[in-house]
Amino acid sequence: MSEIGLPLDLHFVLSRARKCGERLGGDVHDRIAAAVYKRAEMLAARVVQTPSERAGEWDARLDDIFTSRALGYPIMLLLLGMVFWLTLAGANVPSELLAAVFLDVEGRLTAFCAAHAVPPVVHGILVEGVYRTVTWVVAVMLPPMAIFFPLFTLLEDLGYLPRVAFNLDRFFKAAGAHGKQALTMGMGLGCNAAGVVACRIIESPRERLVATLTNVFTPCNGRFPTLLLLASLLTGGSGPAAAAVVAGVVLLGVAATWTVSFVLTRSCLRGLPSSFALELPPYRPPQWGRVIVRAACDRTLVVLRRAVTVAAPAGAAVWLVANTHWGGVSLLGHLAGVLDPLGRAIGLDGFIVAAFLLGLPANEIVFPILLMGYLATGSMVEIGLGDLRTLLLSRGWNGLTALNMMVFSVLHFPCATTLLTILKETGSCRWTVLAAAIPTLVATSVCFATTQVARALNP
Amino acid sequence: MTRDGTELPRPVVALAGNPNTGKSTLFNALTGLKQHTGNWPGKTVACARGWYRYNGQTVTLVDLPGTYSLLSDSPEERITRDFLCFGRPDATVVVVDATCLERNLNLIFQIMEVNTRVVACLNLMDEARRRGIRIDVPALARELGVPVVPAAARRGEGLTLLKETLHRVIEGRIHPAPRPVSYDPELEAAVAELAADLAVLSREGLNPRWVALCLIAGDESIIPKIRTFCNGKETQGDTHVRNRVTP
């Protein structure tokens with residue numbers, strides 16, 4: 001009897017199997033696959049009758065258009081651009097509506113607190129901290145996600161998204177990455193945490209890790225409001241110029257994705273295995289009901305719930321930091337003071353860097369924290385665009401500051417939700433730390449470079 | 001073992017197939033359980049479980065991840081391979097896309113190497129009809145040596161026949177007799193030789209030919225799994241022996 005309770009010596013069997021494998025040469029896998037493919041081909045030829053032309057060709061003809069060298073990219077950019085535009089345009093009104101409702105409720109809460117003599121600290125933490133942060137996040141994130149995810153799922157259901165991956169495979173392959181990374185980046189536009197989860201569609205471990213680590217370079221919904229705001233401040237309006245600036249910054253993110261993927265696959269990920277096949281599934285009419293339910297429940301609500309669970313404690317913490325005074329200056333002020341030299345070196349200032357650090361729980365709250373710091377009002381605020389311009393100019397802002405903040409926003413470390421997701425998906429602290437360190441390094445060096453160049457040109 | 005079918009209420013039916021064959025749709029149609037479908041983030045990465053009642057019998061259904069083959073080493077394939085091998089399902093349904101049969105046949109042939117109690121479900125028949133594709137189902141069943149059930153899971157077509165066929169396979173009233181692929185003579189000889197050495201594994205319900213094939217193809221990760229699988233049934237193994245033979 002042996003170790004497994006059977007008259008069998010696994011050790012012996014293994015050594016014999018190894019000898020067999022050596023005798024056969026190293027290509028046993030291929031020989032098995034070849035035999036299976038041949039048999040499948042023969043059998044299919046015998047039992048399947050395909051019509052000579054017609055219906056089957058319909059798919060092929062669509063593929064000729066969607067994946068052609070000439071039209072593939074323009075169609076892709078057009079469709080993704082449309083999804084994008086519908087999301088941004090469609091989200092504005094409901095976002096404002098939600099914000100108005102939340103503001104109204106906040107007024108009532110404040111009145112209630114005043115009437116019942118609730119201590120100001122409790123009111124501050126709960127209403128000005130937790131409530132305002134959570135409602136800001138919901139108002140900013142919910143509408144775009146509720147539009148973006150169903151549209152995206154629809155394209156998926158139609159069978160178009162695999163074609164996008166196919167189109168971009170060449171581009172990504174040159175960086176040692178996978179064509180499907182384009183799709184995970186697309187999800188990242190909605191939310192990086194969702195984008196990281198989407199990396200599961202990449203079967204091979206190495207390419208999945210590359211896609212996971214670089215997803216943060218795709219600006220998410222939480223960062224777009226900041227980018228749009230800064231772009232309109234920079235160009236003095238929300239016309240085509242502002243859109244071009246935003247597009248430019250997004251392309252910078254794509255460039256960073258490509259470059260970091262290139263470096264990663266040639267450095268620390270070199271040894272990991274990689275194998276994949278890209279299949280183009282047939283085009284199918286979408287199942288509308290399911291698309292909406294799946295997108296709403298599985299994606300929107302899950303992502304939103306995670307964001308809110310992070311934003312609530314963060315709101316309380318940020319309020320405390322901004323309202324705890326020491327030596328006449330709030331802790332936020334002290335933090336900004338410490339960070340100021342670093343901030344200046346990369347064309348920002350201490351308050352901006354502090355806002356990014358404190359905004360770790362959710363990117364949506366970065367700008368509100370910044371305003372909180374500048375105005376020293378102690379809680380997050382929303383003010384008009386004109387006041388904002390005056391305020392920022394009075395704080396020594398110029399075009400370079402706005403541009404650098406956009407660049408930093410696109411390239412900096414992922415939010416806490418995304419980091420937790422990366423930890424869960426990779427199961428590795430090491431990769432999670434790298435997922436934060438790499439973008440931080442990239443963002444800092446790019447901002448440092450633009451600042452030095454700008455100062456050299458404009459002394 | 002977490003994925004060992006022995007923990008599940010028997011009979012257990014495994015559901016395998018290529019991605020995009022409507023496997024999860026079939027799973028939902030059979031079990032009525034709400035579950036993810038599609039090939040996007042919600043896709044089946046772990047095994048979903050459900051059950052249905054047929055003819056007074058409660059059948060546990062395990063929805064395995066969609067895979068194209070069992071030969072490479074993606075997580076999906078590993079899960080599928082391990083469940084088919086060590087989960088010892090009472091029957092395995094291989095869901096096949098009727099509109100691209102040839103590509104889907106590869107997986108059936110590979111699964112037939114692991115398990116003999118296989119039923120092929122020819123799904124998306126409505127789509128195939130629409131495109132004018134005609135499939136000689138009796139000839140396919142004859143050539144494969146396993147029952148073939150045409151279906152359109154989206155419309156609920158063929159579900160009853162599938163349940164009935166599975167019922168008969170489970171009860172032993174139908175004996176699928178798969179006709180697996182024969183490899184080149186040299187490889188066949190090596191597999192047969194090693195399988196003879198491993199013959200005792202069939203006492204534990206493992207397929208010696210499959211294990212031999214894995215080992216010759218260089219997949220040695222199956223050894224520790226066999227050890228865990230067999231020892232799982234023992235009270236206490238002989239530790240010093242185990243340490244000695246760890247390869």
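Letters go in sequence order (proteins before strands), and every chain restarts at 1.
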How long is the span from the CD1 atom in A:I32 to the CG atom in B:L213, to the nearest 0.5 Å?
-> 4.0 Å
Contact origin within A:A33 toward chain B - heavy atom pairs under 4.5 Å = both
Considering all heavy atoms of both residues, which atom of B:I135 and which atom of A:V48 are nearest to each other, and what is their separation?
-> CG1-CG2, 4.2 Å
Of all residues at least two apart in sequence or in a different chain, which pass the side chain to side chain contact (heavy atoms under 4.5 Å, CB included) check with B:S202?
-> B:P208
More than 12 foreign heavy atoms under 6.0 Å from OH of A:Y37: is that the case here?
-> no
side-chain contact (heavy atoms from CB on, under 4.5 Å) assessment of B:L144 paired with A:L43 = CA-CA 9 Å; B:L144 291 172; A:L43 178 51; 3.8 Å; yes
In terms of heavy-atom pairs under 4.5 Å with chain A, the winner among B:A128, B:P138, B:A217, B:A199 is B:A217
Salt-bridge present (B:E186, A:R23; N to O < 4.0 Å) | no
Against chain A, label B:L124 side chain, backbone, both or neither, depending on which of its atoms sit under 4.5 Å from a heavy atom there.
-> side chain
Checking B:N104 against chain A: side chain, backbone, both or neither under 4.5 Å from a heavy atom?
-> neither
Closest approach of B:A190 and A:C20, non-hydrogen atoms and distance?
-> CB-SG, 4.2 Å
Part of B:Y183 within contact of chain A (heavy atom distance under 4.5 Å) = both
Nearest heavy-atom approach of B:L194 to A:A17 is CD2-CB, 3.6 Å
Which portion of B:R142 sits near chain A, non-hydrogen atoms under 4.5 angstrom = neither
Assert top hit (heavy-atom pairs under 4.5 Å, partner chain A, pool B:I108, B:L187, B:L101) equals B:L187
Drop me the distance from A:L14's CG to B:I223's CD1, to the nearest 0.5 angstrom.
-> 5.0 Å
Over all heavy atoms of both residues, which pair between A:R39 and B:P180 is shortest? Give the atoms and the distance, please.
-> NH1-O, 3.1 Å
Distance in Å, B:L201 CG paired with A:L10 CG, rounded so as to fall on 0.5 Å steps | 7.5 Å
Hey, what do you get for CG (B:N106) to CD (A:E41), rounding to the nearest 0.5 Å?
-> 10.0 Å
Just how far is it from atom CZ of A:R46 to atom CG of B:L140, taken to the nearest 0.5 Å?
-> 10.5 Å
Taking C-beta and beyond as the side chain, do B:Q110 and A:V36 meet within less than 4.5 Å on heavy atoms?
-> yes
To the nearest 0.5 Å, how far apart are CG in B:L215 and CZ in A:R16?
-> 11.5 Å
If one checks every heavy atom of B:D197 against chain A at 4.5 Å, the contacting part turns out to be both
